[in-house]
Protein chains: 4
Amino acid sequence: MITKRRPSLKPRKVPQQSRAEHTVAAIREAAAGILETRGMEGLNTNLVAKRAGVSVGTLYQYFPNKDALIVALSLRQQAAFYAEAEGALDQPTGQTALKYLITVSVHQQLRRPALARALDFEEGRPAIAKELGTSKAAFQALTHRILARDDIPPQDNIEIATDDALAIVRAVVDAAGERGEVDRGALERRVGRALFGYLGISALDPAKSRARRKPSL
Amino acid sequence: MITKRRPSLKPRKVPQQSRAEHTVAAIREAAAGILETRGMEGLNTNLVAKRAGVSVGTLYQYFPNKDALIVALSLRQQAAFYAEAEGALDQPTGQTALKYLITVSVHQQLRRPALARALDFEEGRPAIAKELGTSKAAFQALTHRILARDDIPPQDNIEIATDDALAIVRAVVDAAGERGEVDRGALERRVGRALFGYLGISALDPAKSRARRKPSL
Amino acid sequence: MITKRRPSLKPRKVPQQSRAEHTVAAIREAAAGILETRGMEGLNTNLVAKRAGVSVGTLYQYFPNKDALIVALSLRQQAAFYAEAEGALDQPTGQTALKYLITVSVHQQLRRPALARALDFEEGRPAIAKELGTSKAAFQALTHRILARDDIPPQDNIEIATDDALAIVRAVVDAAGERGEVDRGALERRVGRALFGYLGISALDPAKSRARRKPSL
Amino acid sequence: MITKRRPSLKPRKVPQQSRAEHTVAAIREAAAGILETRGMEGLNTNLVAKRAGVSVGTLYQYFPNKDALIVALSLRQQAAFYAEAEGALDQPTGQTALKYLITVSVHQQLRRPALARALDFEEGRPAIAKELGTSKAAFQALTHRILARDDIPPQDNIEIATDDALAIVRAVVDAAGERGEVDRGALERRVGRALFGYLGISALDPAKSRARRKPSL
DNA sequence: AATGAATGAGCTTTCATTCAT
DNA sequence: AATGAATGAAAGCTCATTCAT
């Protein structure tokens, strides 16, 4: 069905009372739970409202349409992700920063793997992606800054490398989530190998790669 | 509603007349086209039928339900993929076999990138995955055999490695497809770096990795 | 198609506002009217909704599916029937109780004969019968208690006799309904003759049958 | 759905070759089998054709539409019934004739109870009833002649009595069929009691009722 | 005569969204 | 602000029937 006028996906109103805050949280959590257990095809606004213990009308008071719900969920997840990931910038080297990023990714994606995967897919839909633009840009900028560090081999096209890096991390972690893996350490090492390999950092001796590659520094 | 036996997702009848053969092809192509341009949410059986120039009834004559359409599309793509990929087994070494596999992946995924990505996602849905089991198993077996070659470092868990390898290839190629990349060579090199890195094959000197790693043999 | 949980045939939600109450009544009456005039083959949910002056969606808000409509109609009719029929237990003898039952049957079945006949048939469908189990059981229990009175000749198998008695009453009354009969008195007498004959009560002198049959008591 | 022009329900062509004869029989038997096991809602022309081992086109060659199939089934059953029932006319008295009729009814209805019941209902549909008019009339005439015998008490309205008699027999036998009864003797006795009671023949001493009622003869 | 591919009106059901209360 | 009854477009699917081969 073609939606006639597609209204903004931003929350309709900002909850100003704690009751409203609680309501919004309940709706969000209900949606997350459904997405997690039944996937996108099992998610419908009436069900979300019921699970949240509010009426549909109330849901539409805070979310102008269904997509806005997805956007809210994504935004919340990405915000949490970004908040943690920012710590990578404090790392001394690019490589430790990348490892930091991997740890954060694994941690976030494995907290609620099914939810994370469902959102990952929805974020690909143009209607959703559009709303997530700035959030994604922030993330890319962060990765970009890390990849630009001088212990990371220069990439042909750093934008592409950024995209690829995120895609690789996501792919391996999602596969792990699907399998129900819980051993984060092993997962982080696997992700690390793929990512460092991609970036051209020798897996054998990552700590010395800068020295080896740029001996004169 | 009365619970109906869930019909198999296999084609309902095998077309026996050439007219029917043509009809089935038209339906399949219409479905592929829609999936490509509008994604799963834009795919509906009435539209597929119309685009194929047949009536809905005809569509249901060959595909017992909507999912069966997806399955047929996936199966067809996987068959084409597998047919090409099998050539990897004729390669002299594991590493050349992997490269062969990457080339095939890139080639296949980049022919109709949007379609490939849409199918990749749908294949994750349990209802679809179930039907694709054997096809997927064949693919895993193939990859497994390559990873078991002795110029590929032994993996902790070869099943997981197989899964991860396929996920990594897919992730990078899908990202490229989303971006609209066309330079296959560059893409293959990037995929290769990630994959070889993951498997612990030095990107600097892949040809000698066996010798270096197992000097006493 | 994906197998869906077969939803219960019970009403989906109990109307809590008087508007809803009215809506449900309108739907039920529309369904009854259609069933009456066009039979089951003419009954479809879109038509019911239109005739009720509501949208299909509203119909499905109160009845999870088409069969639930039939069940609701049956239940309502049976409840009315049972409420009246219970009075039979207050009758002094088994025979007067039976006559009372016949009167009630004739009265109920002849109010809307076409509807009654249509429902009688639908109640035979397993899907419907299942939901009507307890209602039917109540009715059987009532008849059972009457047949067990001591002015009714003992039956070989009282369960069968109960079933048969109900079937006979229904058959004769339905036939009358089909013919468009309106003379209740004559109809009651005919039903009485069949039923009393079946039970082995002499039609010539029913009042004295107990004395005649069990003289030593 | 309203059928546009309702064509005659008579068989389109009379099979003139034995192969065609066989085909028609196969179709009829397939339809009967489906009606028996799945009821009217499970009966569809495509399925009938498949089960009969012919194409739908062939089915439509012999039966102009679905209803014609039902009519053919009914006609065949009624013909068999009537052929046997005619023997009743050779009975010496009305009462023995009635008993004969009951025996035949029980025999016929219990051969394929589910089929018989399904057809009984379908025969009530106006579209079908219309085609069965003469067959039904023959049956009524037969019953009429029996009821007019002078050892049967005169009925107020012999047409109604005829209808009622058939309805009563059918009701009790159908109930038995639904229950899965197989003891014909007991069933015949129960039917007899209801029918004789209805007609005002004393169950206590049926053999002498003529003498008692019409002593001067 | 037979086949079976094709048709398409029509049916059931869902669910995002609105709006009177 | 909240409710929840109501809406109705739209989707999936069936099946009686036709007709080219």
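Bear in mind the structure is a predicted one, so any value in this text is a computation, not a measurement. Proteins get letters first, then strands, A, B, ... in listed order; numbering begins at 1 in each.
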[X] side chain, from C-beta outward: closest of [options]:
X: A/Thr45; options: F/dA16, E/dA9, E/dA16; result: E/dA16
X: B/Lys66; options: F/dT17, F/dC13, E/dA6; result: F/dC13
X: B/Ser55; options: F/dC15, E/dA2, E/dA6; result: E/dA6

Which pair of non-hydrogen atoms, one from [X] and one from [Y], has the smallest distance, and what is that distance?
X: C/Tyr60; Y: C/Asn65; value: CE2-CA, 3.8 Å
X: B/Leu35; Y: B/Ala118; value: CG-CB, 3.8 Å
X: C/Glu122; Y: C/Arg125; value: OE1-NH1, 2.5 Å

Nearest whole Å is fine: how far is [N] [atom2] from [X] [atom1]?
X: B/Asn44; N: F/dG12; atom1: CG; atom2: C1'; result: 9 Å
X: C/Glu41; N: E/dC11; atom1: CD; atom2: C1'; result: 14 Å
X: A/Lys50; N: E/dC15; atom1: NZ; atom2: P; result: 12 Å
X: C/Leu69; N: E/dT12; atom1: CG; atom2: C1'; result: 12 Å
X: B/Asn46; N: E/dT7; atom1: CG; atom2: C1'; result: 13 Å
X: C/Asn65; N: E/dT14; atom1: CG; atom2: C1'; result: 13 Å
X: C/His22; N: E/dA20; atom1: NE2; atom2: P; result: 18 Å
X: C/Leu59; N: F/dA5; atom1: CG; atom2: P; result: 15 Å

Item checked: For B/Glu36, side chain to side chain contact (heavy atoms under 4.5 Å, CB included) partners two or more places apart ->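 Once residues adjacent in sequence are excluded, the partners of B/Glu36 under the side chain to side chain contact (heavy atoms under 4.5 Å, CB included) criterion are B/Arg112, B/Ala114, B/Leu115.
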Next item on the list: Report the residues that fulfil side chain to side chain contact (heavy atoms under 4.5 Å, CB included) with A/Ala31, sequence neighbours left out, ordered by chain and then residue number.
Entry: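 By the side chain to side chain contact (heavy atoms under 4.5 Å, CB included) rule, A/Ala31 matches A/Leu43, A/Val48, A/Leu69, A/Leu73.
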Does the side chain of [X] get closer than 4.0 angstrom to OP1 or OP2 of [N] through an N or O atom?
X: B/Thr58; N: E/dA5; answer: no
X: B/Thr23; N: E/dA5; answer: no
X: D/Tyr62; N: E/dA2; answer: yes
X: B/Tyr60; N: F/dC13; answer: yes

Next item on the list: Keeping to residues at least two apart or across chains, list the side-chain hydrogen bond (donor to acceptor under 3.5 Å, both in side chains) pairs with something in residues 48-57 of chain A.
Entry: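 For residues 48-57 of chain A: A/Ser55-A/Thr58.
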Item checked: Along DNA chain E (nearest heavy atom to each residue), the more 5'-positioned of A/Gly57 and D/Val54 ->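 It is D/Val54 whose nearest nucleotide is closer to the 5' end.
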Next item on the list: Identify whether any heavy atom of D/Leu43 sits under 4.0 Å from a base atom; if not, whether one sits that close to sugar-phosphate; answer base, sugar-phosphate or nothing.
Entry: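 D/Leu43: backbone/sugar contact only, no base atoms under 4.0 Å.
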Next item on the list: Using a 4.0 Å heavy-atom cut-off across all strands, classify C/Val56 as base, sugar-phosphate, or nothing.
Entry: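 Base contact.
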Item checked: Set of residues satisfying salt bridge (charged side-chain N to carboxylate O under 4.0 Å, His left out) with respect to D/Arg117, sequence neighbours excluded ->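 By the salt bridge (charged side-chain N to carboxylate O under 4.0 Å, His left out) rule, D/Arg117 matches D/Glu178.
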Notebook entry, point to check: For DNA chain F, what string of dots and brackets results from 5' to 3' when Watson-Crick and G-U pairs need both distances under 3.5 Å, crossing pairs get [ ], and pairs with another strand get |?
Noted result: .||||||||||||||||||||
Notebook entry, point to check: What residues, two or more places apart in sequence or in another chain, satisfy side chain to side chain donor-acceptor pair (under 3.5 Å) together with D/Asn44?
Noted result: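 Not a single residue meets the side chain to side chain donor-acceptor pair (under 3.5 Å) criterion with D/Asn44.
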Checklist line | Side-chain-base donor-acceptor pair under 3.5 Å for C/Gln61 and F/dA6 | finding: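 Present.
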